[in-house]
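Reviewing the structure listed below.
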Amino acid sequence: MQETASAIKTGSTQSVESRPKVGLALSGGAARGTAHIGILRAFHENNIPIDCLSGTSVGAVIAVLYAFGVSLDDIRKLGSKMSWSKISGFSIYNRGGFLSNKELGEIMHEYVGDVNIEDSPIPLAIVTTDIATGEKVILRQGNAARAVMASSCIPGIFTPVEINGRLLVDGFLVENVPISPLRTLGADVVIGVNLGKRRTYREPDGIVNVVLNAFEIAVDENTSKNLKLADALIEPIVKHIPEDSENYHSIVYDAGYGTALINMQQIRNAIKKKQRRIKRGFWQRIREFFGLG
């Protein structure tokens, strides 16, 4: 079955105008990002609409592919083939990193074309970090493939991506579960997906793992505070699964799918709660209009 973004978005029996708008925040998590695909599948099967999306790092990859209509089957196939060797190469200019992730940009271009974020059928935001100022930069316009490159650019490893005169790197430094952009995209109900639950860090047997551990330790504290802003959470336990496990991507996909199903009632409750508030607000405005207090 080839589920696309439009199919999932229109799965609800209610129109967008008559129900709360649902936003989904997809976190970073490298190879664990396959869990996002299982979560999207669960949303489709349970007719939970997705009206806007935000993504950080691998979450940005999945968000862009999904928002531009790539089927979940094709996204899953791509995810199972992704590796550092396929998305990176030596940087010619060595500006702040010894690898370039331009191959990732080429993969995105192959799947979605030369498209801009603002042209997405589903409102979309990509989180990055300005490595010169430390500011969070939320991309809602511009080339989608280049935005994904920036959001997935691990500082010190990959060469920063220049967009609008700013050197941008991985958004996980500032907001790994990108909840805040969804409010500005009009989401009434914000659902966060956190792939860092119960994280155990890598054995520091090389410089790359040492750098990644340092970043992740710092990020986890900030993430725990940010998650309190979500209306519902999906936190599959996937960090303990060794990446060299046989059928790794299938295991992680199943974990995402299963955790989403477990949390489906919580998500429905959050939507219903917001729906009641919207209705109360509507009737309150009617009463005020007629001077009924």
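This chain uses plain numbering: 1 for the first residue, then up along the sequence. Computed from a predicted model, the values in this text were never measured in an experiment.
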Can Thr128 and Lys136 be said to form a side chain to side chain donor-acceptor pair (under 3.5 Å), step by step?
-> CA-CA 6 Å; Thr128 69; Lys136 175 168 59 182; over 6 Å; no
Residue pair Ile126, Leu124: steps toward the side chain to side chain contact (heavy atoms under 4.5 Å, CB included) verdict | CA-CA 7 Å; Ile126 304 301; Leu124 179 64; 4.2 Å; yes
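Here CD1 of Ile62 is found 10.5 Å from CD1 of Ile39. Values are rounded to the nearest 0.5 Å.
The pair Asp51-Arg19 counts as a salt bridge, with a side-chain nitrogen and a carboxylate oxygen less than 4.0 angstrom apart. A salt bridge between Asp130 and Arg166 is present, with a side-chain N of the basic residue lying under 4.0 Å from a carboxylate O of the acidic one. Checked for salt-bridge contact, Arg183 and Asp188 miss the test: no charged N lies under 4.0 Å from a carboxylate O.
Taking 4.5 Å as the limit, every side-chain heavy atom of Leu104 sits out of range of all side-chain heavy atoms of His109. For the pair Lys21 and Cys52, the minimum side-chain heavy-atom distance is 4.5 Å or more. In this structure, Asn143 and Ile163 have side chains that are not in contact, with every pair of non-hydrogen atoms separated by 4.5 Å or more. Taking 4.5 Å as the limit, every side-chain heavy atom of Ile75 sits out of range of all side-chain heavy atoms of Tyr111. Looking at heavy atoms from C-beta onward, Leu233 lies in side-chain contact with Leu227 at the 4.5 angstrom threshold.
Nearest heavy atom pair, residue Ser27 against residue Val193, reads CB-O, 3.0 Å. The shortest non-hydrogen separation linking Leu53 to Ala63 is CD1-O, 3.8 Å. The shortest non-hydrogen separation linking Ala67 to Pro121 is O-CD, 3.1 Å.
A donor and an acceptor atom, one from each side chain of Asp170 and Ser57, are located under 3.5 Å apart. For the residue pair Glu175 and Thr56, no side-chain donor N or O sits within less than 3.5 Å of a side-chain acceptor on the partner.
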